[in-house]
Structures are given as structure tokens and as C-alpha cells.
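Worksheet: the structure to be examined is printed underneath.
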Amino acid sequence: MIEALVPLETATAEHFADTPDGEGLFPQERALVAGVGAGRRREFTTVRHCARLALKRLGVPPAALVPDEWGAPGWPAGIAGSMTHCRGYRAAVVARRSSVQALGIDAEPHRPLREGVLGAVARPEERAALAGLGGTIAWDRLLFSAKEAAYKAWSPGARAGGARPRSLHDIRVTLHPADGRFRAEILPGHPEAAHLEGRWLAATDLLLTSVSVPASR
């Protein structure tokens, strides 16, 4: 599913069920989840299995994918990538930085946000825009997902030297219901690179969003 939302230059992998707990983890990764519950370890294991499958499809050897101080995965040199997981779905997307400068993907269950969450993440103008949308899509959750994808694409590793959003309130998203696209504006600054273009997909039980920044940016 995720490959429908990302450029042709990327390699993808996704799973709808978990791999065995801890299978294929590097020692550095295993240490990170040594004290967490079995469900979290399976989630961590599977999404990294997806990432290494995607890297293999790109011709890149497997490597430990250890989060940096901001929680973003550390990718091999010259590689841009993003991982995501939610209940029943794990996915990873990678590309060479010579083609794609930054990537961000997010998966969410296709149901409305819990009460109070929208007010915490959405700006007043975004809430007003959502009020005008109808149909069966959980637009509030989709907005949240689009912000998450944009936030990942604007990570410190991807945007070295750029102003990083402090929270999802620093990202203003305009959803385009008709064509499966959205626009994300990073509000703190850098007008020359502050607008990101994204795509979204709504399935029965799943919402997916992606943002990719071409190397030419």
C-alpha cells in the first residue's frame, strides 16, 4: 500500500503481522528494547525487518537502525528513510539521498482521534477546515497523520541547520480531499524550504500519509 504514495526512486516494505520477537535485531537494537514489553519488542523488530528489506531492495547491506537523540532512526550513509507502525501495520521506505533528500511516512488506524487530541495538535484554521469536510473518512486522524509525516521529513538529520518544528502546532496542513494530496507548511521559518507536499490514502481500517523532498530542493 505505501508504495502508492512514494516516488519511484524509493524502495518499500510493509507487513500486516509481526515477525518473531527479536528476530534479526542487531545487538545495539536488542539493547534498546531489552526492558520493554513483548508487544513493543515485536513492533520494534518488525518495522526494522521492513527497513532492512527495503534497504536490500535498494542494494544496501543491512545495518543497525538506532534512534538518534530526537528519536529518528539513524540510516546508513547516503540513505534517506522513514519507518512507521500502528496496530496491524508496519512499513518502511528508503531512497538514496542523490534522488530524495528526505522522507516521512505515517500510518494510523482509520478511526477518529480520541476526545481532546485534535485541540492539542490542530491549529484553529485547520479545525475550521475539517468542519467543512464530510463523508466517511476520519479527517481529524488524517490531519494528525499528515502532520506526523511532515514532522519526520523535517527531522534534524534530514534538514541539518533548518528550524525544526517544536510540536505539531508548528506545522500547518491543508488537506486536498479530491486528489489524495496535502500541503504542509513549517511555520518557524526558512521560506525557501518551508512548504512540503504530501500524499494520503484511506483504506477501510488504515490511513497512510507520506512526504518526500526531492534532492533538487
*Mind running side-chain contact (heavy atoms from CB on, under 4.5 Å) on Leu175 and Arg181 for me, showing each step along the way?*
CA-CA 6 Å; Leu175 297 172; Arg181 297 182 181 272; over 6 Å; no
*asked:* The criterion is salt bridge (charged side-chain N to carboxylate O under 4.0 Å, His left out); which residues satisfy it with Asp140, sequence neighbours excluded?
replied: none
*Report yes or no: does His195 contribute a side-chain atom to a donor-acceptor pair with the main-chain N or O of Arg183 at less than 3.5 Å?*
no
*Determine, using the 4.5 Å side-chain heavy-atom cutoff (strictly less than), whether Leu118 and Ile171 are members of one ILVMFWY cluster.*
yes
*Transitive ILVMFWY cluster of Leu58, excluding itself - 4.5 Å side-chain cut-off*: Val47, Leu55, Val60, Leu65, Trp75, Ile79, Met83, Val94
_Verdict with reasoning, Arg90 to Glu43, per side-chain contact (heavy atoms from CB on, under 4.5 Å)_ = CA-CA 8 Å; Arg90 289 70 167 101; Glu43 183 180 81; 3.6 Å; yes
*ring pair (Phe, Tyr, Trp, His ring centres under 6.0 Å) against Phe44, all qualifying residues, sequence neighbours excluded*: none
*Could you state the interatomic distance from OG (Ser145) to CG (Asp106), rounded to the nearest 0.5 Å?*
3.5 Å
*Applying side-chain contact (heavy atoms from CB on, under 4.5 Å), name anything that partners Arg42, two or more places apart in sequence or on another chain.*
Asp18, Asp21, Ala38
*Set of residues satisfying salt bridge (charged side-chain N to carboxylate O under 4.0 Å, His left out) with respect to Glu126, sequence neighbours excluded*: Lys147
_If we ignore hydrogens and angles and just use 3.5 Å, is the side chain of Thr209 paired with the main-chain N or O of Ala149 as donor and acceptor?_
no
*Any donor-acceptor N/O pair, Glu14 side chain to Met1 backbone, under 3.5 Å*: yes
*Just grab all the salt bridge (Lys or Arg N to Asp or Glu O under 4.0 Å) pairs involving residues 52-63, residues at least two apart or on different chains.*
Glu29-Arg52
*Look at the aromatic rings of Trp200 and Trp139 and report parallel, tilted or perpendicular, splitting at 30° and 60°.*
perpendicular
_Note, Leu196 side chain near Trp154 side chain (heavy atom, < 4.5 Å)_ = yes
*asked:* Between the side chains of Arg172 and Glu125, is the shortest nitrogen-to-carboxylate-oxygen separation below 4.0 Å, so that they form an ion pair?
replied: yes
*Arg199 side-chain N/O to Ala4 backbone N/O, donor-acceptor pair under 3.5 Å*: yes
